[in-house]
Amino acid sequence: MAQGITKRSEDYSRWYLDVIAQADLAEHSSVKGCMVIKPNGYAIWEKIQAQLDKMFKETGHVNAYFPLFIPESYLRKEAEHVEGFAPETAVVTHGGGKKLEEPLVVRPTSETIIWSTYKKWIQSYRDLPILINQWANVVRWELRTRLFLRTTEFLWQEGHTAHATADEAETETRRMLEVYRRFAEEYLAMPVYTGVKTEAEKFAGAVRTYCIEAMMQDRRALQAGTSHNLGQNFARAFDVTFQNEVGEVDYVWATSWGVSTRLVGALIMSHSDDNGLIIPPRLAPLQAVVVPIWKSDEQMAKVVAHVSELTSTWKGLLDFKVDDRDQYRPGYKFNEWEKRGVPIRIEIGPKDIENNEAVLVRRDSGEKISVPQERLLDTIFSQLDAMQSALFERALALRQTHTFEQDDFSEFRKQIEEPGGFFWVHWCGSEKCEAAFQETSKATIRLIPFDERREDGRCIVCGAASSQRVLVAKSY
RNA sequence: CGAGGCGUAGCGCAGCCCGGUUAGCGCACUUGACUGGGGGUCAAGGGGUCGGGAGUUCAAAUCUCCCCGCCUCGACCA
């Protein structure tokens, strides 16, 4: 069936790379660790961007742009932040043929340049809140890279907000986490768990990091988005103060939150199958493709004319394409659009025209149905909706059947290898026991849930008292 | 950086051990014909610094040395 795509069961990571190659999403560039995002891949990112941008605007945010280059000294101002990012920065030492007085760091994230700017913008509580987002590229000098999931340069959005109170900042942090959760579930059709990162896993410079975590088809966890409550850490580092309503001077409260082109990787690994990419309809750059079928030249003219007549009213209502290329046969086209993940394929040939019908094929199930032509557009819409939910349900079912509660450490260590999955385990909260997970099983604590999973138990590592289970899994 | 593997046409590879015609195969590409409801067939074509450099030799893709790059696996991370 699918040539050029390794089966998931054979080699999951090769399957992932094959799907990307066959769908023509991206390729490695001549620069190590960097990728070229090709039109098909970039179109998906544009759909992600468009929807998220809308959601950010709906929550009161505006877009701005801050520079790519950050004076090295800025990065050093927040102790934890520099410790976290210094090892993975690219540094520019020369410009215009001369050595720079101060090296410039290529941003790994923009907190420092933004807070050095916010300092100038904020005097009074009346200047707050500042709710800014930026779409940008960032660079992190990663040792091991994988297309979309981890590349040296990647595209993302980073929200950076400034608030008058701790409560307000916390509310903002949680609100944006909720935006990410909704986007993941309603658009990516990818169920996620939400929660708090442990101290070890949190963002360098944050007070608290919240995250969404999704299960990929190989049962590993993928962190798909993070939202940080930065407290007053950056305000202190950059001396950003304001006068509140009662005239007192205080440091400003901050948040930051981001998702990246990694989401494209998440989309691929959540839904695609051994025949190639599957894109959830709501994020599909092309929702439907129409393949006219003919034998003779006269038939071709007739069928193509009929199809163009039929689809003339679709424009603006549906993202579709009529594939009337004469140099490829229908079977070839079916396969090609399948590999590219187009949700719905419509076949219209002489027989269909005679019967006033069309054949509709869904990418996720392969199901073929005959539809009267006058109901075709409505059926496409209803099938797109059905497919969107079906993808979510399928992903949810996978997660449900591979999420376990486990109280025995040696049993856990066995199960994390086979069958693998997510494990809710009791943890005492110590770094030592957290490290034990990693060393013995290569799994990490993905998150501490909010109010769920509260119950008395004993730490799976050391046996000390625990009041809540945490989510542990192998991750990307 | 530690371990393993690989660089030969756009892609995937064979040839290398044991040096010797014009470097070959599959896919892709071009032209034409027949075809056309699940990756068509036939015919004719185009395309190569054999990763780079040096050496050995009458002769190097093949042997030797140096260099470069990439991939997979381990130590860092959205």
Side-chain angles (χ1 to χ4, degrees), chain A residues 1-5 11 13-14 17-18 21-22 24 27-33 83-89 107-109 136-158 180 197 200-204 206 209 211-214 221-228 256-266 275-276 291-300 303 324-339 345-355 357-361 366 368 370 438-439 442 444 446 475-476:
Chain A
M1 271 286 271
Q3 291 168 31
I5 299 179
D11 184 341
S13 45
R14 258 186 60 198
L17 293 170
D18 288 346
Q22 294 294 320
D24 214 16
E27 62 186 46
H28 288 105
S29 81
S30 51
V31 181
K32 186 173 158 57
E83 201 186 318
F85 285 104
E88 49 181 285
T89 52
R107 64 181 165 219
T109 178
N137 58 338
V138 286
V139 167
R140 297 182 187 176
W141 217 257
E142 300 290 349
L143 301 171
R144 252 173 84 43
T145 58
R146 302 186 72 184
L147 290 176
F148 290 112
L149 298 176
R150 174 164 297 107
T151 45
T152 298
E153 179 191 13
F154 58 95
L155 306 182
W156 76 345
Q157 61 63 219
E158 42 180 330
Y180 290 156
K197 282 292 184 194
E201 297 276 331
K202 77 170 191 196
F203 176 76
T209 291
C211 63
I212 56 173
E213 295 278 335
L222 183 77
Q223 178 175 309
T226 50
S227 182
H228 317 289
S256 68
W257 27 272
V259 296
S260 70
T261 34
R262 170 179 267 197
L263 289 181
V264 178
N275 294 324
V291 180
I293 289 153
W294 59 76
K295 286 193 166 72
S296 60
D297 281 358
E298 310 91 83
Q299 252 182 2
M300 170 176 160
V303 174
D324 57 4
R325 292 174 297 175
D326 193 23
Q327 68 268 39
Y328 297 111
R329 291 159 49 109
Y332 180 92
K333 296 178 185 176
F334 296 169
N335 190 260
E336 176 170 30
W337 295 113
E338 224 158 63
K339 288 189 302 189
R345 179 177 78 238
I346 304 294
E347 302 169 18
I348 298 180
K351 285 182 239 160
D352 300 301
I353 292 176
E354 227 171 85
N355 302 327
E357 284 187 335
V359 175
L360 182 154
V361 187
K368 292 191 181 189
S370 278
Q438 267 200 73
E439 284 158 27
K442 288 184 207 155
T444 49
R446 301 316 302 157
S475 74
Y476 277 96

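Every chain is numbered from 1 and lettered A, B, ... according to where its sequence line falls, protein lines coming before strand lines. This structure is a prediction, so every number in the text was calculated from the model and none was measured.
On the C1' atoms, B:A78 is 46 Å away from B:G37, given to the nearest whole Å. Distance check on atom C1': B:A44 versus B:C6 gives 36 Å, rounded to whole Å. B:C50 and B:C42: their P atoms are spaced 33 Å apart (whole Å). Distance check on atom P: B:G51 versus B:G15 gives 14 Å, rounded to whole Å. As rounded to the nearest Å, B:C25 and B:G47 have P atoms that lie 15 Å from one another. B:G19 and B:A23: their C1' atoms are spaced 14 Å apart (whole Å). If you take atom P in B:G20 and the same atom in B:U62, they sit 10 Å apart, rounded to whole Å. Taking atom P in both B:G53 and B:U49, the straight-line distance is 12 Å, to the nearest Å.
The pairing partner recorded for B:A54 is B:U64, the criterion being a Watson-Crick or G-U wobble arrangement whose two distances lie under 3.5 angstrom. Under the Watson-Crick and G-U wobble criteria, each requiring two contacts below 3.5 Å, nucleotide B:A23 is left unpaired. In this structure, B:A44 forms a base pair with B:U30, meeting either the Watson-Crick or the G-U wobble geometry with both donor-acceptor distances under 3.5 Å. Pairing for B:C18 is absent, judged as Watson-Crick or G-U wobble with the two contacts each under 3.5 Å.
Put simply, CZ on A:Arg345 is 11 Å from P on B:G39, counting in whole angstrom units. As a whole-Å value, the separation of A:Arg14 CZ from B:G5 P is 18 Å. Summarising the geometry, the separation between OH on A:Tyr328 and P on B:G37 is reported as 16 Å, rounded to the nearest angstrom. To the nearest angstrom, P of B:G38 lies 6 Å from CZ of A:Phe334. For the pair A:Gln327 CD and B:G40 P, the interatomic distance rounds to 13 Å; values are reported in whole Å. For the pair A:Glu347 CD and B:G38 P, the computed distance is 7 Å after rounding to whole Å. When the C1' atom of B:G40 is taken as reference, atom NZ of A:Lys333 falls 14 Å away, rounded to whole Å. Atoms CD1 (A:Ile346) and P (B:G38) sit 16 Å apart, rounded to a whole Å.
Among the atoms of the strands shown, base atoms are found under 4.0 Å from some heavy atom of A:Val359. Within the nucleic acid shown, A:Leu149 comes within 4.0 Å of at least one base atom, counting heavy atoms only. Residue contacts for A:Gly349: at a heavy-atom cut-off of 4.0 Å it reaches a base atom on one of the strands shown.
Applying the 5.5 angstrom centroid cut-off and the 30 degree plane-angle cut-off, the aromatic ring of A:Phe154 is stacked upon the base of B:A78.
A:Ala224 and A:Leu263 get closest at one heavy-atom pair: O-CD2, 3.3 Å. Closest of all the heavy-atom pairs between A:Ile346 and A:Ile348 is CG2-CG1, 3.9 Å. Between A:Glu201 and A:Lys197, the shortest heavy-atom distance links the atoms CB-CD, 3.7 Å. Minimum heavy-atom separation, A:Gly265 to A:Leu149: CA-CD2, 3.9 Å.
Among the nucleotides B:G36, B:A78, B:G37, the one closest to any side-chain atom of A:Thr151 is B:A78. You'll find that the side chain of A:Ser260 is closest to B:A78, out of B:G38, B:A78, B:G36. The side chain of A:Glu338 has B:G38 as its nearest neighbour among B:G37, B:G38, B:C71.
With sequence neighbours left out, A:Phe203 forms a ring pair (Phe, Tyr, Trp, His ring centres under 6.0 Å) with A:His81, A:Phe85, A:His228. Under the ring pair (Phe, Tyr, Trp, His ring centres under 6.0 Å) criterion, A:Trp156 pairs with A:Phe154, sequence neighbours left out. Evaluation of the side chain to side chain contact (heavy atoms under 4.5 Å, CB included) rule for A:Glu347 yields A:Ile293, A:Phe334, A:Arg345, A:Val359, A:Val361, A:Lys368 as partners, not counting sequence neighbours.
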Do nucleotides 6-13 of chain B as a string where each nucleotide becomes B, S or -: B if the base has a protein heavy atom under 4.0 Å, S if just the sugar-phosphate does, - if no protein is that close. --------
Extract from the structure each pairing of a protein N or O with an N or O of nucleotides 31-35 of chain B at less than 3.5 Å, listing the distance.
unit_1	atom_1	unit_2	atom_2	d
B:U35	O2'	A:Arg329	NH1	3.2

Write out a two-atom table: protein N or O, nucleotide N or O from nucleotides 74-76 of chain B, distance below 3.5 Å.
unit_1	atom_1	unit_2	atom_2	d
B:C76	O2	A:Glu142	OE1	3.4

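Atom-to-atom distance recorded for A:Arg140:CZ and A:Thr151:OG1 is 10.5 Å, nearest 0.5 angstrom.
A donor-acceptor contact under 3.5 angstrom links the side-chain atoms of A:Lys368 to the base of B:G38.
Using modelled atom types, one finds no donor on one side chain facing an acceptor on the other under 3.5 Å when comparing A:Arg107 with A:Thr109.
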